[in-house]
Q: 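Okay, here's the structure, questions in a sec.
Throughout, protein chains are lettered first and strands after them, A, B, ... in sequence-line order, and every chain is numbered starting at 1.
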Protein chains: 2
Amino acid sequence: MHSFTEENYIKAIYKLLESGDETISTNAIAEKMRTKAASVTDMLKKLAAKKLINYQKYQGVSLTGKGEKIALNIIRKHRLWEMFLVEKFNFKWDEVHDVAEQLEHIQSDKLIEELDKFLNYPKTDPHGDPIPDAKGKLLVRKSKSLSQFRVNDVCIMTGVVDHSPAFLQYLDKTGFQLGNEIKIKDSVEFDKSLQIIVSKKNTFFISYDVAKNILVILK
Amino acid sequence: MHSFTEENYIKAIYKLLESGDETISTNAIAEKMRTKAASVTDMLKKLAAKKLINYQKYQGVSLTGKGEKIALNIIRKHRLWEMFLVEKFNFKWDEVHDVAEQLEHIQSDKLIEELDKFLNYPKTDPHGDPIPDAKGKLLVRKSKSLSQFRVNDVCIMTGVVDHSPAFLQYLDKTGFQLGNEIKIKDSVEFDKSLQIIVSKKNTFFISYDVAKNILVILK
DNA sequence: ATAAATTTTTAGACTAATCTAAATTTTATT
DNA sequence: AATAAAATTTAGATTAGTCTAAAAATTTAT
(Lines give C-alpha, C1' and ligand atoms only; values in the text may rest on other atoms or scores of the structure.)
Protein backbone atom coordinates (compact mmCIF):
# COMPACT_ATOMS: atom_id res chain seq x y z
CA MET A 1 0.00 0.00 0.00
CA HIS A 2 2.38 2.67 1.25
CA SER A 3 6.11 2.25 1.70
CA PHE A 4 7.67 2.16 5.15
CA THR A 5 9.21 5.51 4.36
CA GLU A 6 5.89 7.08 3.45
CA GLU A 7 4.36 5.68 6.63
CA ASN A 8 7.18 7.10 8.69
CA TYR A 9 6.75 10.55 7.18
CA ILE A 10 2.99 10.44 7.78
CA LYS A 11 3.58 9.47 11.39
CA ALA A 12 6.19 12.21 11.89
CA ILE A 13 3.82 14.80 10.42
CA TYR A 14 1.01 13.59 12.67
CA LYS A 15 3.19 13.85 15.77
CA LEU A 16 4.36 17.35 14.87
CA LEU A 17 0.80 18.51 14.25
CA GLU A 18 -0.22 17.03 17.61
CA SER A 19 1.70 19.77 19.40
CA GLY A 20 -0.78 22.43 18.40
CA ASP A 21 0.00 24.20 15.15
CA GLU A 22 -2.31 24.30 12.13
CA THR A 23 0.51 23.48 9.76
CA ILE A 24 4.13 22.43 10.20
CA SER A 25 7.31 23.34 8.37
CA THR A 26 9.57 21.40 6.06
CA ASN A 27 12.46 21.96 8.45
CA ALA A 28 10.54 20.58 11.41
CA ILE A 29 9.85 17.39 9.47
CA ALA A 30 13.47 17.18 8.34
CA GLU A 31 14.64 17.41 11.93
CA LYS A 32 12.16 14.80 13.17
CA MET A 33 13.05 12.42 10.33
CA ARG A 34 16.78 13.09 10.73
CA THR A 35 17.03 13.92 7.07
CA LYS A 36 17.53 17.01 4.89
CA ALA A 37 14.92 19.59 3.93
CA ALA A 38 15.41 18.83 0.24
CA SER A 39 14.50 15.19 0.81
CA VAL A 40 11.41 16.26 2.73
CA THR A 41 10.25 18.49 -0.10
CA ASP A 42 10.45 15.55 -2.51
CA MET A 43 8.41 13.37 -0.20
CA LEU A 44 5.85 16.10 0.43
CA LYS A 45 5.18 16.27 -3.30
CA LYS A 46 4.65 12.55 -3.37
CA LEU A 47 2.35 12.49 -0.35
CA ALA A 48 0.39 15.45 -1.74
CA ALA A 49 -0.04 13.61 -5.06
CA LYS A 50 -1.50 10.71 -3.08
CA LYS A 51 -3.78 13.14 -1.24
CA LEU A 52 -2.41 12.20 2.16
CA ILE A 53 -1.32 15.74 3.03
CA ASN A 54 -2.37 19.29 2.25
CA TYR A 55 0.64 20.97 0.79
CA GLN A 56 1.31 24.12 -1.19
CA LYS A 57 4.87 25.17 -1.85
CA TYR A 58 6.31 27.28 0.96
CA GLN A 59 2.99 27.17 2.83
CA GLY A 60 3.48 24.37 5.35
CA VAL A 61 1.90 20.96 5.69
CA SER A 62 -1.13 19.36 7.31
CA LEU A 63 -2.71 15.92 7.02
CA THR A 64 -5.84 15.18 5.00
CA GLY A 65 -8.49 12.93 6.54
CA LYS A 66 -7.00 10.03 4.64
CA GLY A 67 -3.51 10.85 5.91
CA GLU A 68 -4.67 11.18 9.50
CA LYS A 69 -6.40 7.82 9.32
CA ILE A 70 -3.17 6.20 8.17
CA ALA A 71 -1.21 7.94 10.92
CA LEU A 72 -3.64 6.79 13.59
CA ASN A 73 -3.51 3.22 12.33
CA ILE A 74 0.28 3.17 12.50
CA ILE A 75 0.18 4.64 16.01
CA ARG A 76 -2.44 2.07 16.99
CA LYS A 77 -0.20 -0.73 15.81
CA HIS A 78 2.87 0.76 17.44
CA ARG A 79 1.20 1.12 20.83
CA LEU A 80 -0.47 -2.28 20.75
CA TRP A 81 2.86 -3.91 19.96
CA GLU A 82 4.53 -1.97 22.79
CA MET A 83 1.88 -3.23 25.17
CA PHE A 84 2.35 -6.75 23.87
CA LEU A 85 6.11 -6.66 24.35
CA VAL A 86 5.81 -5.42 27.94
CA GLU A 87 2.87 -7.59 28.99
CA LYS A 88 3.80 -10.84 27.27
CA PHE A 89 7.46 -10.76 26.38
CA ASN A 90 9.08 -9.27 29.48
CA PHE A 91 10.29 -6.11 27.79
CA LYS A 92 10.83 -3.02 29.95
CA TRP A 93 9.10 0.21 28.95
CA ASP A 94 12.43 1.65 27.89
CA GLU A 95 13.20 -1.28 25.57
CA VAL A 96 10.12 -1.43 23.38
CA HIS A 97 10.46 1.51 21.06
CA ASP A 98 12.84 0.22 18.40
CA VAL A 99 11.09 -3.11 17.99
CA ALA A 100 7.63 -1.51 17.89
CA GLU A 101 9.00 0.86 15.26
CA GLN A 102 9.54 -2.17 13.06
CA LEU A 103 6.38 -4.07 14.01
CA GLU A 104 4.12 -1.08 13.33
CA HIS A 105 4.62 -1.59 9.57
CA ILE A 106 3.39 -5.19 9.43
CA GLN A 107 0.30 -5.33 7.24
CA SER A 108 -2.45 -7.65 8.43
CA ASP A 109 -5.83 -6.60 9.74
CA LYS A 110 -6.41 -10.00 11.30
CA LEU A 111 -3.09 -9.81 13.11
CA ILE A 112 -3.96 -6.49 14.73
CA GLU A 113 -7.47 -7.59 15.63
CA GLU A 114 -6.08 -10.67 17.34
CA LEU A 115 -3.33 -8.67 19.02
CA ASP A 116 -5.91 -6.27 20.44
CA LYS A 117 -8.05 -9.18 21.64
CA PHE A 118 -5.03 -11.01 23.09
CA LEU A 119 -4.21 -7.94 25.18
CA ASN A 120 -7.85 -7.59 26.21
CA TYR A 121 -8.38 -4.33 24.33
CA PRO A 122 -6.02 -2.05 26.24
CA LYS A 123 -6.79 1.68 26.33
CA THR A 124 -3.22 2.83 26.80
CA ASP A 125 0.30 1.65 26.05
CA PRO A 126 3.08 1.05 28.63
CA HIS A 127 3.91 4.76 28.68
CA GLY A 128 0.31 5.76 29.33
CA ASP A 129 -0.28 6.95 25.77
CA PRO A 130 -3.81 6.26 24.50
CA ILE A 131 -4.27 3.58 21.82
CA PRO A 132 -6.50 4.60 18.90
CA ASP A 133 -9.33 2.14 18.29
CA ALA A 134 -9.84 0.19 15.06
CA LYS A 135 -11.80 3.10 13.58
CA GLY A 136 -9.02 5.56 14.37
CA LYS A 137 -10.77 7.12 17.34
CA LEU A 138 -8.30 8.43 19.89
CA LEU A 139 -9.17 9.36 23.48
CA VAL A 140 -7.77 12.77 24.30
CA ARG A 141 -5.96 12.77 27.61
CA LYS A 142 -6.69 15.44 30.12
CA SER A 143 -3.34 14.93 31.82
CA LYS A 144 -1.13 17.88 32.58
CA SER A 145 2.50 18.16 33.48
CA LEU A 146 3.30 17.68 37.16
CA SER A 147 5.22 20.96 37.00
CA GLN A 148 1.92 22.85 36.68
CA PHE A 149 0.65 21.78 40.09
CA ARG A 150 1.19 23.38 43.51
CA VAL A 151 2.13 22.41 47.02
CA ASN A 152 -0.39 20.03 48.61
CA ASP A 153 -1.91 18.96 45.30
CA VAL A 154 -2.33 15.17 45.09
CA CYS A 155 -2.09 13.65 41.63
CA ILE A 156 -1.99 10.31 39.85
CA MET A 157 0.78 9.64 37.39
CA THR A 158 -0.72 8.83 33.99
CA GLY A 159 2.11 9.19 31.51
CA VAL A 160 5.41 10.69 30.42
CA VAL A 161 6.37 13.35 27.91
CA ASP A 162 9.95 12.27 27.29
CA HIS A 163 10.11 8.63 26.11
CA SER A 164 13.89 8.32 26.09
CA PRO A 165 15.41 5.24 27.73
CA ALA A 166 17.48 7.55 29.93
CA PHE A 167 14.41 9.23 31.40
CA LEU A 168 12.41 6.02 31.71
CA GLN A 169 15.30 4.29 33.45
CA TYR A 170 15.62 7.19 35.85
CA LEU A 171 11.94 6.77 36.75
CA ASP A 172 12.43 3.01 37.20
CA LYS A 173 15.42 3.50 39.44
CA THR A 174 13.59 5.93 41.68
CA GLY A 175 10.51 3.69 41.68
CA PHE A 176 7.97 5.76 39.76
CA GLN A 177 5.18 3.86 38.04
CA LEU A 178 2.04 4.78 36.13
CA GLY A 179 -0.85 4.93 38.57
CA ASN A 180 1.29 6.08 41.49
CA GLU A 181 -0.08 8.78 43.75
CA ILE A 182 2.14 11.84 43.88
CA LYS A 183 1.68 14.50 46.54
CA ILE A 184 3.60 17.75 46.19
CA LYS A 185 5.19 18.41 49.56
CA ASP A 186 7.28 21.43 48.73
CA SER A 187 8.37 23.61 45.86
CA VAL A 188 11.63 25.56 45.52
CA GLU A 189 10.95 28.89 43.94
CA PHE A 190 14.50 29.42 42.69
CA ASP A 191 14.76 26.40 40.34
CA LYS A 192 11.14 25.16 40.41
CA SER A 193 12.29 21.82 41.75
CA LEU A 194 9.78 19.84 43.81
CA GLN A 195 9.73 17.72 46.90
CA ILE A 196 7.12 15.00 46.42
CA ILE A 197 5.73 11.99 48.26
CA VAL A 198 5.10 8.97 46.07
CA SER A 199 2.46 6.41 47.14
CA LYS A 200 2.33 8.01 50.60
CA LYS A 201 5.71 6.46 51.36
CA ASN A 202 8.75 7.71 49.52
CA THR A 203 9.93 11.27 49.49
CA PHE A 204 11.91 12.55 46.52
CA PHE A 205 13.37 15.75 45.22
CA ILE A 206 12.86 16.12 41.49
CA SER A 207 14.08 18.86 39.19
CA TYR A 208 11.75 21.07 37.18
CA ASP A 209 13.03 19.25 34.10
CA VAL A 210 11.82 15.93 35.49
CA ALA A 211 8.52 17.38 36.73
CA LYS A 212 7.81 18.79 33.28
CA ASN A 213 8.13 15.31 31.79
CA ILE A 214 5.74 13.56 34.17
CA LEU A 215 2.06 13.62 33.22
CA VAL A 216 -0.57 13.48 35.94
CA ILE A 217 -4.22 14.08 36.66
CA LEU A 218 -5.48 15.62 39.87
CA LYS A 219 -6.73 12.97 42.25
CA MET B 1 22.36 -5.26 8.65
CA HIS B 2 21.02 -6.78 5.44
CA SER B 3 18.09 -5.41 3.47
CA PHE B 4 14.80 -7.27 3.25
CA THR B 5 15.60 -7.97 -0.39
CA GLU B 6 18.98 -9.46 0.41
CA GLU B 7 17.41 -11.61 3.11
CA ASN B 8 14.77 -12.82 0.68
CA TYR B 9 17.38 -13.80 -1.89
CA ILE B 10 19.42 -15.64 0.74
CA LYS B 11 16.32 -17.51 1.85
CA ALA B 12 15.36 -18.38 -1.73
CA ILE B 13 18.87 -19.68 -2.43
CA TYR B 14 18.79 -21.75 0.75
CA LYS B 15 15.47 -23.32 -0.18
CA LEU B 16 16.62 -24.16 -3.69
CA LEU B 17 19.83 -25.73 -2.38
CA GLU B 18 17.75 -27.78 0.07
CA SER B 19 16.40 -29.85 -2.79
CA GLY B 20 19.72 -31.56 -3.33
CA ASP B 21 21.97 -29.86 -5.87
CA GLU B 22 25.46 -28.63 -5.10
CA THR B 23 24.82 -25.31 -6.82
CA ILE B 24 21.76 -23.65 -8.28
CA SER B 25 21.18 -21.57 -11.38
CA THR B 26 20.45 -17.90 -11.90
CA ASN B 27 17.22 -18.83 -13.67
CA ALA B 28 16.04 -20.99 -10.77
CA ILE B 29 16.51 -18.07 -8.40
CA ALA B 30 14.77 -15.72 -10.82
CA GLU B 31 11.76 -18.00 -10.97
CA LYS B 32 11.60 -18.43 -7.20
CA MET B 33 11.92 -14.70 -6.62
CA ARG B 34 9.46 -13.88 -9.45
CA THR B 35 11.99 -11.57 -11.00
CA LYS B 36 14.28 -11.50 -14.05
CA ALA B 37 17.62 -13.26 -14.49
CA ALA B 38 19.37 -9.93 -15.02
CA SER B 39 18.18 -8.69 -11.64
CA VAL B 40 19.39 -11.89 -10.04
CA THR B 41 22.86 -11.50 -11.53
CA ASP B 42 23.12 -8.02 -10.02
CA MET B 43 22.11 -9.30 -6.61
CA LEU B 44 24.47 -12.28 -6.83
CA LYS B 45 27.37 -9.90 -7.32
CA LYS B 46 26.30 -7.98 -4.25
CA LEU B 47 25.87 -11.07 -2.09
CA ALA B 48 29.20 -12.45 -3.29
CA ALA B 49 30.90 -9.16 -2.40
CA LYS B 50 29.46 -9.56 1.10
CA LYS B 51 30.73 -13.15 1.18
CA LEU B 52 27.28 -14.60 1.73
CA ILE B 53 27.38 -16.78 -1.38
CA ASN B 54 29.95 -18.61 -3.48
CA TYR B 55 29.56 -17.29 -6.97
CA GLN B 56 31.61 -17.37 -10.14
CA LYS B 57 30.12 -16.07 -13.37
CA TYR B 58 28.17 -18.76 -15.23
CA GLN B 59 29.09 -21.36 -12.60
CA GLY B 60 26.05 -21.42 -10.32
CA VAL B 61 25.56 -20.39 -6.72
CA SER B 62 25.88 -21.86 -3.25
CA LEU B 63 25.80 -20.36 0.23
CA THR B 64 28.86 -19.67 2.34
CA GLY B 65 28.75 -20.59 6.03
CA LYS B 66 27.88 -17.00 6.79
CA GLY B 67 25.09 -17.03 4.22
CA GLU B 68 23.66 -20.29 5.49
CA LYS B 69 23.60 -18.96 9.03
CA ILE B 70 21.59 -15.96 7.91
CA ALA B 71 19.20 -18.18 5.96
CA LEU B 72 18.64 -20.45 8.96
CA ASN B 73 18.00 -17.49 11.21
CA ILE B 74 15.36 -16.12 8.84
CA ILE B 75 13.74 -19.54 8.59
CA ARG B 76 13.86 -19.85 12.37
CA LYS B 77 12.05 -16.55 12.74
CA HIS B 78 9.55 -17.38 10.02
CA ARG B 79 8.62 -20.71 11.57
CA LEU B 80 8.46 -19.42 15.13
CA TRP B 81 6.10 -16.64 14.01
CA GLU B 82 3.95 -19.14 12.12
CA MET B 83 3.69 -21.22 15.26
CA PHE B 84 2.84 -18.13 17.26
CA LEU B 85 0.09 -17.08 14.88
CA VAL B 86 -1.54 -20.50 14.93
CA GLU B 87 -1.11 -21.22 18.64
CA LYS B 88 -1.89 -17.80 20.08
CA PHE B 89 -3.71 -15.76 17.46
CA ASN B 90 -6.19 -18.24 15.99
CA PHE B 91 -4.66 -18.28 12.52
CA LYS B 92 -5.22 -21.36 10.37
CA TRP B 93 -2.17 -23.10 8.92
CA ASP B 94 -3.11 -21.83 5.46
CA GLU B 95 -3.29 -18.20 6.63
CA VAL B 96 0.10 -17.72 8.25
CA HIS B 97 2.51 -17.52 5.37
CA ASP B 98 2.12 -13.91 4.20
CA VAL B 99 2.27 -12.45 7.70
CA ALA B 100 5.23 -14.61 8.72
CA GLU B 101 6.94 -13.47 5.52
CA GLN B 102 6.81 -9.95 6.94
CA LEU B 103 7.56 -10.81 10.56
CA GLU B 104 10.66 -12.85 9.68
CA HIS B 105 12.53 -9.63 8.91
CA ILE B 106 12.04 -8.01 12.31
CA GLN B 107 15.44 -7.50 13.94
CA SER B 108 15.59 -8.16 17.66
CA ASP B 109 17.37 -11.01 19.36
CA LYS B 110 15.43 -10.49 22.57
CA LEU B 111 12.16 -10.63 20.68
CA ILE B 112 12.98 -14.01 19.15
CA GLU B 113 14.29 -15.42 22.41
CA GLU B 114 11.08 -14.41 24.16
CA LEU B 115 8.97 -15.69 21.29
CA ASP B 116 10.68 -19.07 21.48
CA LYS B 117 10.20 -19.17 25.26
CA PHE B 118 6.56 -18.05 24.97
CA LEU B 119 5.88 -20.97 22.63
CA ASN B 120 7.75 -23.35 24.94
CA TYR B 121 10.58 -23.99 22.50
CA PRO B 122 8.68 -25.74 19.72
CA LYS B 123 10.58 -28.18 17.50
CA THR B 124 8.36 -27.77 14.45
CA ASP B 125 6.05 -25.21 12.88
CA PRO B 126 2.34 -25.69 12.10
CA HIS B 127 3.21 -27.47 8.84
CA GLY B 128 5.56 -29.88 10.58
CA ASP B 129 8.69 -28.16 9.30
CA PRO B 130 11.57 -28.21 11.80
CA ILE B 131 12.54 -24.94 13.49
CA PRO B 132 16.30 -24.23 13.54
CA ASP B 133 17.59 -23.52 17.06
CA ALA B 134 19.25 -20.26 18.10
CA LYS B 135 22.64 -21.56 16.91
CA GLY B 136 21.22 -22.41 13.48
CA LYS B 137 21.10 -26.14 14.10
CA LEU B 138 18.35 -27.79 12.09
CA LEU B 139 16.99 -31.26 12.77
CA VAL B 140 16.86 -33.21 9.53
CA ARG B 141 13.55 -34.94 9.08
CA LYS B 142 13.45 -38.58 8.13
CA SER B 143 9.96 -38.20 6.72
CA LYS B 144 9.17 -39.57 3.29
CA SER B 145 6.32 -38.97 0.95
CA LEU B 146 3.23 -41.11 1.58
CA SER B 147 3.36 -42.08 -2.10
CA GLN B 148 6.48 -44.15 -1.42
CA PHE B 149 4.72 -46.57 0.91
CA ARG B 150 2.78 -49.75 0.13
CA VAL B 151 -0.47 -51.44 1.00
CA ASN B 152 -0.75 -52.27 4.72
CA ASP B 153 1.96 -49.82 5.76
CA VAL B 154 0.88 -47.73 8.75
CA CYS B 155 2.35 -44.23 8.99
CA ILE B 156 2.12 -41.05 11.00
CA MET B 157 1.60 -37.78 9.16
CA THR B 158 4.47 -35.42 9.99
CA GLY B 159 4.31 -32.71 7.35
CA VAL B 160 3.43 -31.45 3.91
CA VAL B 161 5.44 -30.70 0.79
CA ASP B 162 3.04 -28.25 -0.86
CA HIS B 163 2.28 -25.32 1.46
CA SER B 164 -0.32 -23.65 -0.74
CA PRO B 165 -3.58 -22.57 0.91
CA ALA B 166 -5.46 -24.67 -1.66
CA PHE B 167 -3.72 -27.87 -0.59
CA LEU B 168 -3.85 -27.10 3.13
CA GLN B 169 -7.55 -26.27 2.91
CA TYR B 170 -8.15 -29.55 1.09
CA LEU B 171 -6.48 -31.39 3.96
CA ASP B 172 -8.55 -29.46 6.50
CA LYS B 173 -11.78 -30.22 4.69
CA THR B 174 -11.04 -33.93 4.58
CA GLY B 175 -9.90 -33.86 8.20
CA PHE B 176 -6.18 -34.59 7.91
CA GLN B 177 -3.97 -33.34 10.72
CA LEU B 178 -0.32 -33.66 11.64
CA GLY B 179 0.08 -36.66 13.92
CA ASN B 180 -2.76 -38.62 12.32
CA GLU B 181 -2.23 -42.31 11.72
CA ILE B 182 -2.58 -43.24 8.06
CA LYS B 183 -2.94 -46.85 6.99
CA ILE B 184 -2.71 -47.68 3.29
CA LYS B 185 -5.68 -49.92 2.53
CA ASP B 186 -5.34 -50.18 -1.22
CA SER B 187 -3.38 -48.86 -4.14
CA VAL B 188 -4.53 -48.41 -7.73
CA GLU B 189 -1.79 -49.37 -10.11
CA PHE B 190 -3.14 -47.35 -13.03
CA ASP B 191 -2.96 -43.86 -11.49
CA LYS B 192 -1.10 -44.64 -8.25
CA SER B 193 -4.03 -43.32 -6.23
CA LEU B 194 -4.45 -44.69 -2.71
CA GLN B 195 -7.23 -45.81 -0.45
CA ILE B 196 -6.26 -44.94 3.10
CA ILE B 197 -7.70 -45.15 6.60
CA VAL B 198 -7.06 -42.12 8.76
CA SER B 199 -7.00 -42.49 12.55
CA LYS B 200 -8.51 -45.99 12.23
CA LYS B 201 -11.83 -44.37 11.36
CA ASN B 202 -12.17 -42.53 8.08
CA THR B 203 -11.54 -44.06 4.71
CA PHE B 204 -10.44 -41.81 1.84
CA PHE B 205 -9.33 -42.07 -1.72
CA ILE B 206 -6.47 -39.74 -2.48
CA SER B 207 -4.73 -39.08 -5.77
CA TYR B 208 -1.04 -39.73 -6.34
CA ASP B 209 -0.61 -35.97 -6.50
CA VAL B 210 -2.01 -35.61 -2.98
CA ALA B 211 -0.06 -38.62 -1.66
CA LYS B 212 3.19 -37.11 -2.96
CA ASN B 213 2.55 -33.96 -0.94
CA ILE B 214 1.93 -35.68 2.39
CA LEU B 215 4.99 -36.42 4.50
CA VAL B 216 4.93 -39.36 6.90
CA ILE B 217 7.12 -41.64 8.97
CA LEU B 218 6.51 -45.34 9.33
CA LYS B 219 4.72 -46.10 12.58
C1' DA C 1 33.45 -30.46 -33.64
C1' DT C 2 30.59 -27.14 -35.19
C1' DA C 3 26.14 -24.93 -35.18
C1' DA C 4 21.98 -24.04 -32.66
C1' DA C 5 19.69 -23.33 -28.48
C1' DT C 6 19.78 -21.97 -23.94
C1' DT C 7 21.54 -19.62 -20.07
C1' DT C 8 23.82 -15.93 -18.11
C1' DT C 9 25.84 -11.54 -18.02
C1' DT C 10 26.44 -6.72 -19.45
C1' DA C 11 24.84 -2.22 -20.86
C1' DG C 12 21.86 1.26 -20.28
C1' DA C 13 17.58 3.01 -18.41
C1' DC C 14 13.94 3.59 -14.67
C1' DT C 15 11.88 4.44 -9.80
C1' DA C 16 12.24 5.50 -4.85
C1' DA C 17 14.65 7.78 -1.59
C1' DT C 18 18.39 10.32 -0.49
C1' DC C 19 22.08 14.07 -0.81
C1' DT C 20 24.72 18.78 -1.89
C1' DA C 21 24.72 23.07 -3.88
C1' DA C 22 22.34 26.66 -6.11
C1' DA C 23 18.15 29.28 -6.82
C1' DT C 24 13.92 31.08 -5.14
C1' DT C 25 10.50 32.57 -1.84
C1' DT C 26 9.18 34.13 2.56
C1' DT C 27 10.10 36.49 6.86
C1' DA C 28 12.54 39.63 9.67
C1' DT C 29 15.15 43.87 10.25
C1' DT C 30 16.51 48.15 9.60
C1' DA D 1 10.23 49.73 1.41
C1' DA D 2 14.58 47.79 0.71
C1' DT D 3 17.64 44.52 2.15
C1' DA D 4 19.43 40.78 4.92
C1' DA D 5 18.50 36.33 6.85
C1' DA D 6 16.17 32.17 6.99
C1' DA D 7 13.43 28.67 4.99
C1' DT D 8 12.18 26.16 1.08
C1' DT D 9 12.47 24.38 -3.40
C1' DT D 10 14.87 22.99 -7.66
C1' DA D 11 18.62 20.88 -10.17
C1' DG D 12 21.52 17.38 -10.67
C1' DA D 13 23.91 13.22 -8.58
C1' DT D 14 23.92 8.84 -5.97
C1' DT D 15 22.44 4.15 -4.27
C1' DA D 16 19.40 -0.07 -4.21
C1' DG D 17 16.75 -2.72 -6.84
C1' DT D 18 14.52 -3.53 -10.96
C1' DC D 19 13.81 -3.89 -16.11
C1' DT D 20 14.64 -4.73 -21.49
C1' DA D 21 17.57 -5.67 -25.09
C1' DA D 22 21.93 -7.06 -26.66
C1' DA D 23 26.22 -9.60 -26.04
C1' DA D 24 28.79 -13.44 -24.32
C1' DA D 25 29.35 -18.02 -22.45
C1' DT D 26 27.79 -22.58 -21.87
C1' DT D 27 25.24 -26.58 -23.10
C1' DT D 28 22.90 -29.45 -26.44
C1' DA D 29 22.28 -31.45 -30.76
C1' DT D 30 23.49 -32.65 -35.06
Q: I need the CG-C1' distance between A:Asp42 and C:dA16, as an integer number of Å.
A: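 Value for this atom pair: 10 Å.
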
Q: Output the rounded distance in Å from NE2 (B:His2) to P (D:dA16).
A: 13 Å

Q: Between atom NZ in A:Lys45 and atom C1' in D:dT9, what is the gap in whole Å?
A: 7 Å

Q: To the nearest Å, how far apart are A:Glu31 CD and D:dT8 P?
A: 12 Å

Q: Is A:Lys88 close enough and on-axis enough to A:Phe118, meaning under 6.0 Å and within 45°, for cation-pi?
A: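 Yes - A:Lys88 lies over the ring of A:Phe118, closer than 6.0 Å to its centre and within 45° of its axis.
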
Q: Considering every strand and a 4.0 Å limit on heavy-atom distances, what is the contact class for B:Ser39: base, sugar-phosphate, or nothing?
A: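 Result for B:Ser39 = base.
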
Q: Mind checking A:Thr5 for me? I need base, sugar-phosphate or nothing, with any heavy atom below 4.0 Å counting as a touch.
A: sugar-phosphate

Q: What is the minimum heavy-atom distance between A:Ile182 and A:Met157, and which atoms define it?
A: CD1-CB, 4.1 Å

Q: Could you state the atom-to-atom distance from CD of B:Gln56 to C1' of C:dT9 in whole Å?
A: 14 Å

Q: How many whole angstroms separate atom OH of B:Tyr58 from atom C1' of D:dT26?
A: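 One finds 8 Å between C1' of D:dT26 and OH of B:Tyr58, rounded.
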
Q: Any side-chain N or O of B:Asn27 under 4.0 Å from OP1/OP2 of C:dT6?
A: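 Looking at the OP1 and OP2 atoms of C:dT6, neither is under 4.0 Å from any side-chain N or O of B:Asn27.
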
Q: Whole Å only: how far is the CG atom of B:Leu47 from the P atom of D:dA16?
A: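 After rounding, the gap between these two atoms is 12 Å.
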
Q: Select from A:Ala38 and A:Ser3 the residue whose nearest nucleotide in DNA chain C is closer to the 5' end of that strand.
A: A:Ser3

Q: Whether B:Gln59 contacts C:dT8 is assessed here as follows: a side-chain N or O lying under 4.0 Å from the phosphate OP1 or OP2. Is that the case?
A: no

Q: Give the rounded distance in Å between these two atoms: NZ of B:Lys57 and P of D:dA24.
A: 11 Å

Q: For D:dC19, take OP1 and OP2 only and decide whether either is under 4.0 Å from a side-chain N or O of B:Thr35.
A: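 Affirmative; the distance criterion is met.
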
Q: Find out whether the Lys NZ or Arg CZ of B:Lys110 is both under 6.0 angstrom from the six-membered ring centre of A:Phe89 and within 45° of the ring's axis.
A: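 Pair B:Lys110/A:Phe89 does not count as cation-pi.
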
Q: Using a heavy-atom cut-off of under 4.0 Å over every strand shown, decide if B:Phe4 touches base, sugar-phosphate, or nothing.
A: nothing

Q: Compare side-chain N and O positions of A:Lys36 against OP1 and OP2 of C:dT20 and report whether any pair is under 4.0 Å apart.
A: yes

Q: Taking the side chain of B:Met43 as its heavy atoms from C-beta onward, which of D:dT18, D:dT10, C:dT9 lies nearest to it?
A: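 Selected nucleotide: D:dT18.
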
Q: How long is the span from the OG1 atom in B:Thr41 to the NZ atom in B:Lys57, to the nearest 0.5 Å?
A: 10.0 Å

Q: Less than 4.0 angstrom between a side-chain N/O of A:Tyr9 and OP1 or OP2 of C:dT18, yes or no?
A: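 Yes, because at least one side-chain N or O of A:Tyr9 sits under 4.0 Å from OP1 or OP2 of C:dT18.
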
Q: If you look at every heavy atom in B:Glu22 and B:Ser62, which pair is closest and at what distance?
A: O-CB, 3.7 Å

Q: Is the phosphate of C:dT9, meaning OP1 or OP2, less than 4.0 Å from a side-chain N or O of B:Tyr55?
A: yes

